[in-house]
Every structure is written in C-alpha cells, then in structure tokens.
Amino acid sequence: MAAQQSSGAPLTDNPEVKGWVAEMAALGKPDRIYWCDGSEEEKRRLTEQAVAAGVLIPLNPQKHPGSYLHRSHPNDVARVEHLTFICTPSREEAGPTNNWMSPEDAYGKLRKLFDGSMRGRTMYVIPYVMGPLGSAHSKVGLQLTDSVYVVLNMRVMTRMGKAALDMLGGSNDFNRGLHCTGDVNPERRYICHFPQDNAIWSFGSGYGGNALLGKKCLSLRIGSYLGRKEGWMAEHMLILGVEDPAGRMAYVAAAFPSACGKTNFAMLIPPKRFAGWRVWTIGDDIAWMRPGKDGRLWAINPENGYFGVAPGTSFSSNPNAMKTISRDALFTNVALTKDGSVWWEGLDGEVPEELTDWQGRPWKKGSPEKAAHPNSRFTAPMQNNPALSKYVDDPEGVPISAIIFGGRRSTTVPLVMQSFNWSHGVFMGATLGSETTAAAAGKVGVVRRDPMAMLPFCGYHMGEYWQHWLDMQRDVQYPPKIFQVNWFRKGKDGKFLWPGYGENMRVLKWIIDRAYGTVGAQETLLGWVPREGHIDLSGLDIAPERVDEATAIDEGEWKAELESVGSFFKEIGPKVPMTLELERQLLLSNLR
Ligand code: OXD
Ligand code: MN
C-alpha cells in the first residue's frame, strides 16, 4: 500500500473497518489514504485544497459567506437510472422495475474498473451516520472516494467523521461504499448495489445521487431492502411538523416524485390567514419509519442537509430555502454572476445581462440556452434552515399522523383525497403517477407510474415492496391516515386550478384535521374528499368554482385511470399483492 500522509492513520481500531479499507486500497492503489475526522479544521483544509485544484470556485464572501461553486463534467449532471443496478443473486429479487446484474458479474466488471483507478490520487475514508448520532434507528456507513467534492458534500449531507466510527465501535454492521470518479466516461459508469452484502460500488460519476452514497444508494435502495428484512420502511418522503396556535404538533410524511416541490413543501410558510401556525422541517427527501412501542409509526430523517434543485428556488417560491443557502452552501452547475454571486432560472429579480453559464462559458441575456443546468443543485446544512424542527436530532424521531402521496397530474386526480383505510392508502401510493415534462409544453403529459415515488429507489421487487407496506399495518396499531394530493390539476383553460406553494397549508390543515377526526368530508366512490366549508378558503382570492373543479371526481376519467393501473400491475407481474388488485377491481366495479 502507498504511503499515508500524517492524518492518514486509521481513526479506529475496528479490525473489520481497517481490513476492508486496506483491501479496497489494494484494489484502487491510491497514492495516499486520508481518514476524515469531520473537524472544522479539516473542512477548512480540504476546501482550500479543492479551491487550489480548481474543483471549487469561491463565491463573493460578502454575498455568500463560506460558499463555493462546483462545475461537474457536462456528461455527469444527473442520476443515471439506466446505469444503476441491483445486484442480487437472482433477477427475480430485483424485480421488473430495476436493472439487474448478478453479484459475480458486477464485482467482476467493477473490480477491473477499480483496479488501479486511484493511482496518483488520494483515497478519502468517510465514516458517516445516516440518522441522529446514537439513535438505534440510524445506520453507519463508510464511503471510500477519490473525490474531495464528494467528501465536502458528504460532510453536509450526513453526520460525518470520527463520531461515526465512535458510534460503530467494534461492530461489523456498516455499509461498505466504494466510489471512484474515474474518468467520468459514461461508457464506464456503474452504480451497483449489493443488498445482501450491505455494499455499494459506484464508478465513473461524481454527481450527487450517484456519488454521495449515503443518500439514494444507502438511505433508499439498500435501506428499503434492510427495512423489509428488519421490519421498518425507507421512503422517498419529506417529513414536516405542523404547529397550531395552541402549540399542538402534528407530523406528516409526504412522497412526491423527484422535482415535484418536496423541498418547497417541507419548508412551507403558511399564508397570512394562518397567523400563529408554523411548519417545521424534519427532512425534505427521505424518511425512515418504524413502528413505535406506543403503536404509532415513528420517523427519522437520515440526512443532515439538503441537496435541492436550484432552478425555480426563490424568495417567492421558498424563502426558507433561500435563507438555508445564504451561507456555507455548495452550488453545483449553477451560473455565476460578474460579482461572484450565483444565478439560476427562476431566481428573484432581473435576469442579469451577462453571466458565466454552468459550463463556464460566457452567456448573454436572451440566449436560448439555460444559464444554469436544469438539474443544478445546492448542498446546504439543515442547521441553516430557519424552520428546522427542534426534534430533528431526536433519536426516536417523530410520530407520523398522516402520509401523503402526490404527483403532477393535469387531470383526474383531485386536489386532495383521503383513503378509506390503510390498504386503500397503499393502493393510492402504489399507483401514484406523475406527468412527464410533455405537460409543460401544453399537451396532456405522459403519465409515468412512480409507486410511492420510489420507482428509481426501491432496492428489491416492487410487488414485494407493496406487500411489505400492506404487512406494516399489523405492527402499527394506530397507523397514519393516508392521503393523495395533486397541486397540478388544470382547468379547461389550461391554467392551474390551485395556487399551490404556501396556500397548500389549507390542504395540509384539512389533512391534519381529518387525521384527528375533527373536520368533515364527503365519501365518494374513490375516497373521502373535502366539500364546501371543509377547507378553509378565507382570504384566498380564487373563485369557489375553481376549488370545486380542483376537488371534483370524474368517473369517466377514473375508469380510464383504473384500467391503466391494471396494465401497470400486469407489468409488475404475479407478485402484485392480491389485496391491491382487489382494491382496483372494487373501485372499478363501483364505477358505472
Ligand atoms: C432526487 C433527489 O432526484 O432528491 O429525487 O435528488
Ligand atoms: Mn429525492
């Protein structure tokens, strides 16, 4: 093994950890090994090195204290679902919605790529915890990487450093994550998950979801597998707390497909009408939920920061996010202004005359090309969020009263609907659909089914995952009530029927009141919906007919919907739980 630098001594005596790191170093053959301790001094030093190497560009310290810009390789700007594999002994375990490779093939292929791939580079050892330090519900991971950008991002997104090794102690129960940016060649890019080994090997990408292994890879793909094995749930959900003027708190978890406004919803600021109400953020992307001793479902956010989509984020869409990224933030692939500030499409104020675009090229106002990449991101510590819940580090998490599933649908799905019971709620989640961007072009978009918003993130067979959801009811005496929402329904005029953003508070309040059983609803063939007077509309400047239209149910549209769900179930195959197919048939048989 190559020489270590002075801070390269292992920070643990754990023989399993040391043995694995040595084995992986023998494969990658780095020049140096560096163990991250997570200290402030280390952050300063690594940031300086990243700036010197051109990996980070310092921003104007007056406008963006402690913040930096990173430009990724232009071919490496998003998650790569087609290069993401679940490597289980049989294809059947991965199921029809995942790419599959046998562990043998995957290890064989990747070993060749990793062999010598860190020559001339430093291999960073990142010990990290997903979830509050010391919580019995948290998981320890170790990520090895050749990327200082990854180290600095993992530092924000996880509880990282010596504390993780201390929490692990002498245990062998840790996720083994190996990452190498390689030469970012898409031909040699693989994100491989080995659920049975609690291992992730990621090669050829430096992008967030592919390279920050604690996030999608461990917290969702491996997490969902572990959750089924151990009796809990890893979900693509935000968690928020709603506090009423009397100080009563209710916690809600909500799943929306990527880029449907989860971060905005998690940081919602109630409108004027709701003076005295507060929404507190627990998490904006991932929830780990488990049955508590008191019979309720309890949730923690495994993450420690936000990795949010920049375009569209502004003081009008999400003031809390803007405050969160006002300092100590890392920006990836946004545009740069002349005075060292960041810019993206949808930011408040005038479009600057001139910018440097996300690829470092000069850009002029009016250019047909976007200045910031549409998937450009910010990474920011959750402690910066003015709406951060004080329970975010609570080792037990928070009790969930309601679960929400939401997609982007211009027709069919009403503003809000409550399920009849748990299994009907699971049906709502399993059949969640969202429109592709074709909808933005004015046409009715193509609906892609995205069950529980987990299509790209479920680490095993989708049918078994649904069964696991159904089975959880047995272990949760007081299950959360389940709802479906749709902020994106359009009227005949092609315009959105509901104003969204902060006004979603009105829907949230109905949801919470329903969970407590303190507000009315109308039973329909498809679920419970609010009727006139049930949703507080005071101070909202929209015609009541628009709200009626937003909450209406069209039987013809639903017949088509349930038939399309039938085709989707056929794609998933014989593992679709009988309960869900019966739910579908029951609803269908009720319609004329
Ligand atoms: C996503 C994300 O793509 O959270 O869902 O980054
Ligand atoms: Mn996400």
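Note that ligands are numbered from 1 as they come in the structure, with each ligand's atoms numbered from 1 the same way.
For Lys215 and Asp285, the salt-bridge test passes: some basic side-chain N is under 4.0 Å from an acidic carboxylate O. With salt bridges taken as basic N to acidic carboxylate O contacts below 4.0 Å, none links Lys490 and Glu435. The pair Asp76-Arg189 meets the salt-bridge criterion, with a side-chain N (NZ, NE, NH1 or NH2) lying under 4.0 Å from an Asp/Glu carboxylate O. Taking a cutoff of 4.0 Å between a charged side-chain nitrogen and a carboxylate oxygen, Glu230 and Lys139 qualify as a salt bridge. With salt bridges taken as basic N to acidic carboxylate O contacts below 4.0 Å, none links Glu303 and Arg159. One finds a salt bridge joining Asp183 and Arg188 here, because a Lys/Arg side-chain nitrogen approaches an Asp/Glu carboxylate oxygen to under 4.0 Å.
Only protein N, O or S atoms were considered, and those under 2.8 Å from the Mn ion (ligand 2) are Lys216 NZ, His236 NE2, Asp285 OD1.
Listed by chain and number, Arg79, Lys215, Lys216, His236, Ser258, Asp285, Arg377, Phe457 each place a non-hydrogen atom less than 4.0 angstrom from ligand 1.
Partners of Thr181 according to the side chain to side chain donor-acceptor pair (under 3.5 Å) rule, which considers only residues two or more places apart in sequence or in another chain, are Asp146. Checked against salt bridge (charged side-chain N to carboxylate O under 4.0 Å, His left out), Glu345 has no partners two or more places apart in sequence or in another chain.
For an aromatic pair to be called close, the ring centres must be under 6.0 Å apart, and Tyr460 with Trp466 fails this.
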